[in-house]
Visitor: 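After the structure tokens below, expect a handful of questions from me.
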Amino acid sequence: DVKVTQSSRYLVKRTGEKVFLECVQDMDHENMFWYRQDPGLGLRLIYFSYDVKMKEKGDIPEGYSVSREKKERFSLILESASTNQTSMYLCASSLNLDSPLHFGNGTRLTVT
Amino acid sequence: TQLLEQSPQFLSIQEGENLTVYCNSSSVFSSLQWYRQEPGEGPVLLVTVVTGGEVKKLKRLTFQFGDARKDSSLHITAAQPGDTGLYLCAEKPSGGYQKVTFGIGTKLQVIP
């Protein structure tokens, strides 16, 4: 079974802090994704990566950056956390363009 | 970005009842996926439908893709408490890098 592991289930950070969300997959998947999930807005794509050191902006990249130095790890960075970034963050991976997304269990981030 | 509308947004039913949830789009889907997200977990793929008119069954769940590939439905027969969760439809585009777009979801509660 594919396992996508997000390093924290819950995080509480202060406004202005730099925040790192880590995601690791164990199945040698090419593609990795970061979504945020908010009530009434659904899942929205922040960034995705189709190869090591490659990244593409999703629908809502503002205020975020990403890093993919190794194939199995995809990090989401909030350069200066703001309260409107309080959300559930979901990482996903997929083997290739035709395969389904496999999600981690999410990180619930609260910015105070 | 294609807009996916799901209805109803919330549904609370008694164990043993039948239900149908819907996913509609303003334009033609390349292919349509249904995911289920249980509380505290990430979404898990249930099915992918590709061909207009296609029907797929997964135990008590029946998925139908509209003839014009602009709508889809999920029917659950004799709902059980284990069916409780958020049901998400998603469009998986053809070609290019995989950028799946999700609907807001239908939150289903099955009461024992």
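So you know, we letter chains A, B, ... as the sequences are listed, proteins then strands, and number each from 1.
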Visitor: For Leu43(A), is it the side chain, the backbone, both or neither that has a heavy atom under 4.5 Å from a heavy atom of chain B?
Guide: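 Both backbone and side chain.
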
Visitor: Can you confirm whether Val111(A) sits close enough to Ser82(A) that some side-chain heavy atom of one is under 4.5 Å from a side-chain heavy atom of the other?
Guide: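 No - every pair of side-chain heavy atoms lies 4.5 Å or more apart.
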
Visitor: Closer than 4.0 angstrom, basic N to acidic O: yes or no for Asp83(B) and Arg60(B)?
Guide: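 Between Arg60(B) and Asp83(B) there is a salt bridge, with a charged N closer than 4.0 Å to a carboxylate O.
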
Visitor: Which one, Gly105(B), Pro43(B), Gly103(B), leads in non-hydrogen pairs under 4.5 Å with chain A?
Guide: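 Most heavy-atom pairs under 4.5 Å with chain A: Pro43(B).
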
Visitor: Testing Lys57(A), Met32(A), Arg68(A), Glu56(A) one by one against Tyr47(A) for a side chain to side chain contact (heavy atoms under 4.5 Å, CB included), which residue passes?
Guide: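 With Tyr47(A) as partner, Lys57(A), Met32(A), Arg68(A), Glu56(A) yield a single side chain to side chain contact (heavy atoms under 4.5 Å, CB included), made by Lys57(A).
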
Visitor: Is the shortest side-chain heavy-atom distance between Val66(A) and Ile77(A) below 4.5 Å?
Guide: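 Counting from C-beta outward, Val66(A) and Ile77(A) never come under 4.5 Å.
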
Visitor: Chain A heavy atoms under 4.5 Å from Gln37(B): which part of the residue, side chain, backbone, both or neither?
Guide: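 It is the side chain, since no backbone atom gets that close.
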
Visitor: Can you say whether Arg108(A) sits under 4.5 Å from chain B via the side chain, the backbone, both, or neither, judging by heavy atoms?
Guide: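 Answer is neither: Arg108(A) stays 4.5 Å or more from chain B.
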
Visitor: Can you say whether Gln37(A) sits under 4.5 Å from chain B via the side chain, the backbone, both, or neither, judging by heavy atoms?
Guide: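 Contact with chain B: side chain only.
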
Visitor: Is it the case that the side chains of Gln109(B) and Thr84(B) hold a donor-acceptor pair, with the cut-off being a distance below 3.5 Å and no angle test?
Guide: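 The answer is no; no qualifying pair exists.
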
